[in-house]
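Everything on this sheet refers to the single structure shown next.
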Amino acid sequence: MSANVTAVGIDLGTTYSAVAILDEHGHPEILPCSEGERLVPSAVFFDNDQVVVGQIAKDAAITDPDNVVLFIKRQMGMAGWHYSYQGQSLTPTDISAFILKKLKKDAEQALDHPITHAVVTVPAYFDPDRRRATQSAAEIAGFKVLTLLNEPTAAAIAFGVERATKPETVLVYDLGGGTFDVTLMRVEGKEITILATDGDHQLGGKDFDDALMRFCVQCFREEHGFDPTDDPHTEQMIRKDAEKLKRELSVRTKTALRIAAQGHVSRIEIERERFESLIKVKIDITLALVRTLLQEQKMRPEVVDRVLLIGGSTRIPAVRAALHQYFGKPPDTSINPDEAVAHGAALMAAKKINELYPESVSEAVAVKTSDLMVADVTSHSLGIATVQPGNPPRRYHSILIQRNSPIPAESSRDFLTSEAGATVIKVTVYRGESTKLEDCSPVGEFTLSGLPPNRPPGKRIRVTVACGENGLVQVSAIDIETGLQAQTEVSYQDGQNAHHVSARQRWMQSQKVE
């Protein structure tokens, strides 16, 4: 790929992130960070007027925990979360932008030329709010986002392009540091058709770390009579050791963790069997989501040709054993669970650049990506809040696009106004599978204004909901009688509109990130 227009694939992870590019021969290649590592911890350390991202930031969580932010991916799209830094109220989008700026800077250093474009991956089960927040973070960091790509789809691209030899029904089991996705798809070489997806964006390896921490802390308390995690420094040390313990128990049957606090020390031995009992409930949740997904598609486990593992937490023997037992065959471990997502994103990035700037790619890259085809689905049902007549009237969720609909998707429906004389109508977009609003989550809202005064109720408003290939949502409304149409941009819950992103881009340019 030539230096004039360069695109990378980015796996923006909860615990670790990675950047990949297609070399001139069409092979995906992980770009090392400035410290020489292939994976960058998704940790941000606010060291006075300097922002540090990566391993140094992760290590600083022990000595300076109040100034380190970890696991920010779990907060994406949440309007109520903020971190104060130099008079600024930083959102999860801003924190993620620091991580992405570090990735961009180091990738440019590795390639020795600027990087302008990127494909950024997200969990398949991310809702529109979280997707928009992720795209905004990349834009604030200085990228032109070619598309957002679901992580299991990215892994399937890496597998299909590099290894697939025959058409298969593939289930991608993606258990990362902070999120879980399960996606069912047909893989026919470079043609990938997503059938359905489900998941939990608050389940991952961090929960396994937490389970180990709780067990070890309880052992310490029983021996010494106090909680060592009352000290934030000790808490972060225990967290770091628990993560190390988890990794060791994937290759050893027994290991130990040492806790020292206030002059007291405990050495706690943990066998793999104990660890597996601590995390069994979380693994069972993932299997329940797998079963539900297959049942919704009216498929039995034996119909699945291959179970593809991605995400570092799939290295845990108990995870692999549970999947082996359920499917009656061992899961596929042929791809690197830490790097496959970035590889797939790099392939998609090269495809997009080949379509936009064919002069920027080599012949080998063009051949490798030209016939790559991906058909994805919506991860949630989408609709709007409406009013059902009655005494009293009842607000409910009117679904326009069903979950697991092929995307891009678009659906229109006519609704009747319920109030007399309304000159402004607010349309609130929801995502969720229930018709009860209290069981669903708002995505955003916009208004249809300027309607004629003194109109009776019962006037028709046509609402259209569209979901693009990157999972972002657009909504429009038109008043049938007057032809008046509302603007289509949804005001997302985290406030990441175009004006805000532009302002944050200028701010980010003034920030030094190491």
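Since we're looking at a predicted model, the values are computed, not measured.
Looking at heavy atoms from C-beta onward, His201 lies out of side-chain contact with Arg74 at the 4.5 angstrom threshold. The shortest distance between side-chain heavy atoms of Asp439 and His397 does not fall below 4.5 Å. Annotation: side chain of Gln485 is in contact with side chain of Ser476 (closest heavy-atom distance under 4.5 Å). Counting heavy atoms from C-beta outward, Asp479 and Leu451 have side chains that approach closer than 4.5 Å. For the pair Ile353 and His117, the minimum side-chain heavy-atom distance is below 4.5 Å. Side-chain contact between Ser398 and Arg413 is present, with at least one heavy-atom pair separated by less than 4.5 Å. Tyr430 places none of its side-chain heavy atoms less than 4.5 Å from the side chain of Ile399.
Partner Thr197 forms a side chain to side chain donor-acceptor pair (under 3.5 Å) with one of Asp174, Thr183, Asp181 and no other, that one being Thr183.
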Test side chain to side chain donor-acceptor pair (under 3.5 Å) applied to Ser42 and Ser17, step by step: CA-CA 6 Å; Ser42 302; Ser17 297; 2.8 Å; yes
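In this structure, the ring of Phe180 has its center less than 6.0 angstrom from the ring center of Tyr173. Remark: aromatic rings of Phe98 and Phe46 are close, center separation under 6.0 Å. Checked against the 6.0 Å centroid criterion, the rings of Phe159 and His343 do not qualify as a close aromatic pair.
Of the charged side-chain nitrogens involved, at least one lies within less than 4.0 Å of a carboxylate oxygen, so that Asp198 and Arg403 count as a salt-bridged pair. A salt bridge links Glu355 with Lys351; the closest basic N to acidic carboxylate O contact falls under 4.0 Å.
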Please list, one pair per line, the donor and acceptor atoms closer than 3.5 Å that link side chains of residues 64-73 to other protein atoms, with sequence neighbours excluded.
{"residue": "Asp64", "atom": "OD1", "partner": "Asn67", "partner atom": "ND2", "Å": "3.0"}
{"residue": "Asp64", "atom": "OD2", "partner": "Asn67", "partner atom": "ND2", "Å": "3.0"}
{"residue": "Lys73", "atom": "NZ", "partner": "Leu12", "partner atom": "O", "Å": "2.9"}
{"residue": "Lys73", "atom": "NZ", "partner": "Glu151", "partner atom": "OE2", "Å": "2.6"}

Name every donor-acceptor pair, under 3.5 Å, that has one atom in a side chain of residues 49-58 and the other anywhere in the protein, sequence neighbours excluded.
{"residue": "Gln55", "atom": "NE2", "partner": "Asp59", "partner atom": "OD1", "Å": "2.9"}
{"residue": "Lys58", "atom": "NZ", "partner": "Tyr16", "partner atom": "OH", "Å": "2.8"}
{"residue": "Lys58", "atom": "NZ", "partner": "Glu243", "partner atom": "OE1", "Å": "3.0"}
{"residue": "Lys58", "atom": "NZ", "partner": "Glu243", "partner atom": "OE2", "Å": "3.2"}

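Figure legend: Lys436 and Tyr396 shown without cation-pi pairing, the cationic atom not lying both under 6.0 angstrom from the six-membered ring centre and within 45 degrees of its axis.
Among residue pairs with one or both ends in residues 463-476, those qualifying as salt bridge (charged side-chain N to carboxylate O under 4.0 Å, His left out) are Lys352-Glu469; sequence neighbours excluded.
In terms of modelled atom types and a separation under 3.5 Å, the side chain of Thr447 and the main chain of Ile425 share no donor-acceptor contact.
A side-chain N or O of Arg132 and one of Ser136 form a donor-acceptor pair less than 3.5 Å apart.
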